[in-house]
Each structure stands twice: as structure tokens, then as C-alpha cells.
Amino acid sequence: MKKFLPLVMLLMTGSVMAPARADLTHRMSSSTQLSVNGAYTDASRIGSTYTVSGSNIKVTDAGHFGKMTAATATAAAAQDVGEYDINTAGSAFSFSESWTQGDAVNTIGSGADVTAGVIADLPAFGNTLSMSGGVAGTLAGTITSAGVTTLTAGGAGTTATGQFVTEIVID
């Protein structure tokens, strides 16, 4: 009976009836990603604005309130300065005046020039945001068949990423 016990246990597991399976999958992958930031400029023209306010102020006899002249196809409106005086001498007064000169219209084809990732000249607009591009320099990346990853830093505005992945699946 003792001799049959291992045989009975083996039959109970079904290993005699079912064939043995040993599915094995082995995957290896490697990758490098090198990137250099591009240069860009975002520029928006601003318009001319003029404001004036006050109390106990008047326009001089030969003068006028400040105003803007009409804009042209290539130039923003300009300021025509007003001529003011105190209305009632000896009384309190207040006066405030503000002027913002608008941007001229650039000719087609002018603006920012980018050479080797560097913005050489910028548009002279009221709202301008510029980012200089990256410089690749010595940027490099390699992965050997043994999975050894070597990344070499580049100049400013660059990134280097490398990975080697190995996976073993036993079903």
C-alpha cells in the first residue's frame, strides 16, 4: 500500500493524464529619445490709447483736448497733445493724462529671424514672448546589445532619454 500512495497522489494531480506545458517568452527592447527645443516667438501688436481726466481744468483759448490722430496702413495712431489751463484760479484742481503709443505695422517678411536655434532679432511689439531654441551640441545616445545605455548631454534646451527593457513570461 505504501508503494501505491505516490502513484495515487500523482494520479490525483492529473499530471499523468495532462501533458506538461512550459511556454516561455523572452522579450528585449531598447530605445533612445533625443530632443532639442525649437525656438519660438509670439508677438502681438498693441494699439494706441489716450486717457485724460480732471476737475477744475479747461482747454486754453487757442487749444483743444488731447486726442489721437488717425492711424495709417503702416503706422499706429499718434498723440495730438492738448493745451489745458486752470478753470477757476485759486481753487483745487486735479489732472491726469495717460498715453500709450501703439505698434507700427511691420512689413511682410520682417520679424524674428532664427539661426541655429537662436533668435537673432525680435519684433518690436508691445507684447512679445520669445524662447531661444536648444543647441544640440554633443547630444547623443546609444544602447548596446548588452543593454548598456550611454547618453551624452547636449547644450541648453535638450533632453536625452534611454531605456533597455527585458521581460520573461512563463505560462
Side-chain angles (χ1 to χ4, degrees), residues 13-15 18-54 57 64-84 94-171:
T13 62
S15 61
R21 293 187 61 194
D23 290 342
L24 177 68
T25 305
H26 183 208
R27 292 183 194 104
M28 293 186 291
S29 64
S30 59
S31 66
T32 57
Q33 178 178 339
L34 307 173
S35 63
V36 179
N37 293 345
Y40 69 88
T41 295
D42 179 18
S44 302
R45 290 181 55 221
I46 61 169
S48 298
T49 58
Y50 175 70
T51 58
V52 62
S53 64
I57 297 293
H64 62 276
F65 281 107
K67 61 183 178 179
M68 293 191 296
T69 62
T72 67
T74 59
Q79 181 185 27
D80 183 353
V81 180
E83 297 176 29
Y84 306 99
S94 68
F95 181 76
S96 175
E97 187 175 44
S98 173
W99 168 254
T100 301
Q101 176 66 46
D103 296 323
V105 178
N106 286 350
T107 58
I108 295 175
S110 66
D113 293 326
V114 180
T115 305
V118 178
I119 300 174
D121 59 334
L122 302 173
F125 285 151
N127 293 323
T128 305
L129 170 66
S130 295
M131 288 295 276
S132 184
V135 178
T138 57
L139 181 65
T142 59
I143 299 178
T144 67
S145 59
V148 176
T149 304
T150 304
L151 301 173
T152 304
T158 63
T159 59
T161 305
Q163 72 176 16
F164 178 79
V165 178
T166 183
E167 176 183 9
I168 298 176
V169 178
I170 302 172
D171 289 330

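Counting all heavy atoms, side chain and backbone alike, Tyr84 lies closest to Gly66 at OH-N, 2.7 Å. When all heavy atoms of Leu34 and Gly141 are compared, the pair lying nearest together is CD1-N, 3.8 Å. Summarising the geometry of Ser35 relative to Leu139, their closest heavy-atom pair is O-CD2, 3.8 Å, with the distance given to 0.1 Å. Closest of all the heavy-atom pairs between Lys67 and Tyr50 is N-CE2, 3.9 Å. Looking at every heavy atom in both residues, Ala71 comes nearest to Ala77 through CB-N, 3.6 Å. In terms of heavy atoms, Val135 sits closest to Thr158 at O-CG2, 3.4 Å.
Separating the CE atom in Met68 from the CD atom in Gln79 is a distance of 9.5 Å, to the nearest 0.5 Å. Rounded to the nearest 0.5 Å, atoms CD (Gln101) and CD1 (Ile46) are 9.0 Å apart. Note that CZ of Arg27 and OG1 of Thr166 are 10.5 Å apart. Values are rounded to the nearest 0.5 Å.
Shown here are the ring-ring contact (aromatic ring centres under 6.0 Å, His included) partners of Phe164, two or more places apart in sequence or in another chain: there are none.
You'll find the side chain of Thr32 stays beyond 4.5 Å of the side chain of Thr142, heavy atoms only.
Distance alone, capped at 3.5 Å, places no donor-acceptor pair between the Ser48 side chain and the Ala78 backbone.
The neighbour count for Ile170 CD1, taken as heavy atoms of other residues, nucleotides or ligands under 6.0 Å away, does not exceed 12.
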Practice prompt. Test side chain to side chain contact (heavy atoms under 4.5 Å, CB included) on Glu167 and Thr25 and set out the steps.
Written response: CA-CA 8 Å; Glu167 176 183 9; Thr25 305; over 6 Å; no
